[in-house]
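Remember, predicted model here, so these are calculated numbers, not experimental data.
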Amino acid sequence: MDENKTRSKHFLLLVYQSFGIVFGDLATSPLYVYRSAFAGRLRHYQSEEAVFGAFSVIFWTLSFFSLFKYAVFMLSVNDNGEGGIFALYSLLCRHGKFSLLPNQQASDEELSTYQHAGYSNRSVPASSFRRLPDRDKKSKLALLILVLMAASMAMTLGVLTPAISGEFSVFGSSVLLPLGFHVFLIPLLCVLLLSLFVLQYQGTHKVAFIFSPVVLLWLLSIAALGVYNIMHWNPRIYEALSPIYIYRFFRLTGIDGWISLGGALLCITGNMPLCYMLIFSGIIIQVAFCFFVYPCLVLQYMGQAAFLSKNFSAISLSFYASVPASYIRILQGGWVPLLLSSIFLFTMFVWHYGSRKKYLYDQNHKLPMKWILTLGSDLGIVRVPGIGLIYTHLANGVPATFSHFLTNLPAFYQIIVFVCDKTVPVPFVPQKERYLVGRIGPKSYRMYRCIVQNGYKDVNENENEYDFENALIMSIAEFIQLEAEGGGSGTPDGGSIGGRLAVVKSSENFGKRFGISKSNGFEGTSSSSLNITSSKSATLVKLKMMYDEQESPEVKFKTRVQLTLVDTRYKDSFVKEEVMRLMEAKKFGVAYVIGHSNSKAKWNSPFLKRFLINIVYSFLRKNCRAPSIALSIPQTSLIEVGMNYTL
């Protein structure tokens with residue numbers, strides 16, 4: 001009983017917090033909807049039938065789009081509790097094969113978040129809709145453009161909404177202020193917007209704590225005002241709930257009524273946040289909207305219509321309205337959101353286009369396994385102590401970058417791990433399913449592959465590189481044990497010699513053979529590509545630490561997490577030997593190898609392709625975060641390899 005009571009309180013608390021996060025924009029729409037609707041030639045139709053018809057249009061627009069489309073349908077179609085454009089696109093990519101990147105693997109379907117519980121699409125015959133993208137790649141491109149366009153418009157909404165909402169709230173007070181005080185409205189608006197953005201930086205919890213009571217009080221106030229206007233001015237307004245008044249409205253106003261739809265559509269300007277569930281589940285948003293927000297908005301619109309039906313001249317005294325978010329008013333300011341949306345759409349499309357071309361280039365220039373096997377276990381170079389992590393976008397095969405080492409360097413590390421940081425079309429990947437480990441070549445080559453699986457909502461929360469290094473080493477050691485036992489959650493993959501990768505963290509004994517010890521040192525010094533740390537001289541190690549501190553002032557003194565092998569009892573002596581070599585190599589340090597690419601279009605490519613790749617994509621690559629920063633790779637352990645892409 002107490003547990004149910006606690007759950008109910010927690011549920012109601014989340015419903016309360018959702019008011020300040022989700023419904024702010026939608027709740028302020030009544031400030032400008034009617035004035036925008038009657039801003040054009042519709043103001044000449046100052047009759048009760050015209051006002052009733054306008055309210056009927058607003059009511060059914062709000063009911064159809066906000067209530068049925070978003071609150072009921074869109075919140076029901078979610079991806080493991082995540083809503084929005086990219087969540088729906090992710091569902092289409094993994095169940096309808098609409099993705100343009102050919103990096104799908106059978107291992108993706110082994111994730112617990114890949115499909116809904118109790119559902120499997122393996123035994124379901126492919127429908128004509130699901131087979132469409134296989135036959136027609138244009139459908140994939142068309143869907144991608146639609147998704148990017150919708151995302152661009154959502155980003156544009158995020159740019160314009162704070163300014164527009166702030167403008168209404170500030171300039172609405174101009175009616176009560178003397179003329180001399182109007183000059184202070186613009187500075188006041190700037191201070192208000194700046195304060196809002198600073199407050200958002202403090203986190204969702206504080207924003208909800210401050211704005212939830214404000215929005216709640218606002219909704220209650222406008223609902224009460226609506227009830228008063230209905231009772232005082234025109235109780236017959238309830239008749240306009242019938243859609244017959246929409247027909248009468250357009251019969252009366254004609255083309256002028258159609259033009260006014262741009263203003264009426266402003267009643268749904270806050271719909272998009274409804275399907276982005278953020279920290280709230282769909283049921284929480286549905287309860288808050290259906291049982292509180294929607295009734296309050298309907299009462300307010302109904303009351304405002306009742307008032308205007310008896311006070312036609314008061315339409316011009318409504319709050320300051322925005323330019324109709326309507327095509328006939330583009331020259332009056334509607335071009336601003338269209339321009340911003342076009343810029344966002346163009347930028348995201350070019351980034352996706354260039355990234356896909358690079359991926360296809362890497363896939364088509366993979367090193368053949370036969371060539372690697374002919375080099376022998378030493379790969380034709382000197383193998384020095386240590387571990388080299390080679391980052392690649394390829395989930396299978398050996399990237400062409402590796403041939404640069406074999407042809408240009410006289411030595412490389414004893415243990416080689418190809419790391420693929422892969423984003424799978426699910427919102428998040430459980431930690432126990434994150435690592436896929438396999439082997440490349442025979443055991444004597446000491447080459448492994450590790451696919452680090454991340455969802456599109458996953459965030460790298462590791463504070464330092466040691467956590468990742470230790471997790472990676474433990475995963476490889478566990479794979480060696482599972483390989484010897486012939487167990488593990490295997491998934492087909494053409495890159496490993498056995499043809500399978502293992503989800504190593506699904507093992508119950510994962511990590512039990514290892515111990516964690518802590519020691520103090522300077523950040524970024526334990527994994528240097530130099531071999532000073534492998535020397536037995538403590539003086540050299542101390543000198544290197546002092547050198548790193550002087551050369552890199554941002555290097556911090558911190559606690560290192562060291563991995564040690566506690567349980568050395570193995571049934572198979574070969575497994576023990578391989579694990580011991582792995583741990584010994586870890587002591588000598590870990591180096592991160594990443595490609596530094598330079599992309600150029602072919603000289604005979606069309607002008608548009610050369611413009612997109614050589615100018616736009618190259619500009620974006622130079623001005624975005626470096627891959628080493630995005631992957632949280634320590635600079636003192638980084639080796640960058642130049643790579644020219646001719647796309």
Side-chain angles (χ1 to χ4, degrees), residues 15-38 51-75 157 161 164-165 168-169 172 211-231 233-235 237-243 245-246 260-276 280 284-309 315 318-319 321-322 324-325:
V15 171
Y16 167 75
Q17 291 180 338
S18 68
F19 289 112
I21 302 296
V22 180
F23 302 108
D25 188 33
L26 194 64
T28 57
S29 298
L31 294 174
Y32 45 81
V33 170
Y34 278 105
R35 180 177 178 180
S36 297
F38 286 89
V51 175
F52 276 33
F55 165 68
S56 187
V57 171
I58 294 171
F59 169 75
W60 286 105
T61 300
L62 182 69
S63 300
F64 179 77
F65 287 99
S66 298
L67 181 63
F68 295 111
K69 178 184 175 182
Y70 283 95
V72 176
F73 176 72
M74 294 291 286
L75 288 179
L157 183 66
T161 298
I164 294 175
S165 300
F168 288 130
S169 62
F211 283 99
S212 291
V214 175
V215 176
L216 192 62
L217 182 61
W218 166 259
L219 288 171
L220 289 173
S221 300
I222 62 175
L225 181 62
V227 172
Y228 169 80
N229 286 330
I230 293 172
M231 302 300 295
W233 293 105
N234 197 341
I237 188 62
Y238 74 90
E239 298 176 2
L241 295 175
S242 172
Y245 277 86
I246 299 179
S260 69
L261 285 179
L265 289 176
L266 290 176
C267 68
I268 57 172
T269 53
N271 277 345
M272 284 304 295
L274 294 182
C275 62
Y276 289 98
F280 308 107
I284 291 175
I285 298 178
Q286 288 175 332
V287 169
F289 180 78
C290 297
F291 293 97
F292 193 86
V293 178
Y294 176 75
C296 290
L297 291 176
V298 171
L299 288 174
Q300 203 283 325
Y301 285 123
M302 186 183 296
Q304 194 172 158
F307 170 77
L308 293 176
S309 66
I315 293 178
S318 299
F319 287 92
S322 64

Step-by-step side chain to side chain contact (heavy atoms under 4.5 Å, CB included) determination, F38 to V51: CA-CA 9 Å; F38 286 89; V51 175; 4.3 Å; yes
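A37 and S260 get closest at one heavy-atom pair: O-CB, 3.3 Å. The shortest heavy-atom contact between P30 and L297 is CG-CD2, 3.9 Å. Considering every non-hydrogen atom in both N229 and F307, the closest pair reads CG-CB, 4.2 Å. Heavy-atom minimum distance, L266 versus S36: CD1-OG, 3.3 Å. Smallest separation of non-hydrogen atoms from S63 and Y294: OG-OH, 2.5 Å. The two residues Y245 and A240 have their closest heavy-atom pair at CD1-CA, 3.7 Å.
Counting heavy atoms from C-beta outward, F52 and N234 have side chains that approach closer than 4.5 Å. Using a 4.5 Å cut-off on side-chain heavy atoms (C-beta onward), F59 and P243 make no contact. Using a 4.5 Å heavy-atom cutoff, the side chains of F211 and I21 are not in contact. Side chains of F289 and S66 form a contact here, defined as non-hydrogen atoms less than 4.5 Å apart. By the 4.5 Å heavy-atom criterion applied to side chains, P213 and L217 are not counted as neighbours. Counting heavy atoms from C-beta outward, F19 and L219 have side chains that approach closer than 4.5 Å. Side-chain atoms of Y238 and I230, non-hydrogen and from C-beta on, never get closer than 4.5 Å to each other.
Between F23 atom CZ and F292 atom CZ the span is 10.5 Å, to the nearest 0.5 Å. Taking CZ from F55 and CH2 from W60, the interatomic distance works out to 10.5 Å, rounded to the nearest 0.5 Å. The CG atom of L241 lies 4.0 Å from the CE atom of M302; values are rounded to the nearest 0.5 Å. How far OG of S29 is from CG of L62: 8.5 Å, rounded to the nearest 0.5 Å. Between the OH atom of Y16 and the CD1 atom of I284 there is a distance of 15.0 Å, given to the nearest 0.5 Å. The OG1 atom of T61 lies 12.5 Å from the CG atom of L67; values are rounded to the nearest 0.5 Å.
Distance alone, capped at 3.5 Å, is enough to place a donor-acceptor pair between the Y34 side chain and the Y301 backbone. With hydrogens and angles disregarded, a donor-acceptor distance shorter than 3.5 Å links the side chain of S212 to the backbone of G20. At least one donor-acceptor pair under 3.5 Å links the side chain of Q286 to the backbone N or O of A71. S242 contributes no side-chain N or O that, together with a main-chain N or O of E239, makes up a donor-acceptor pair within less than 3.5 Å.
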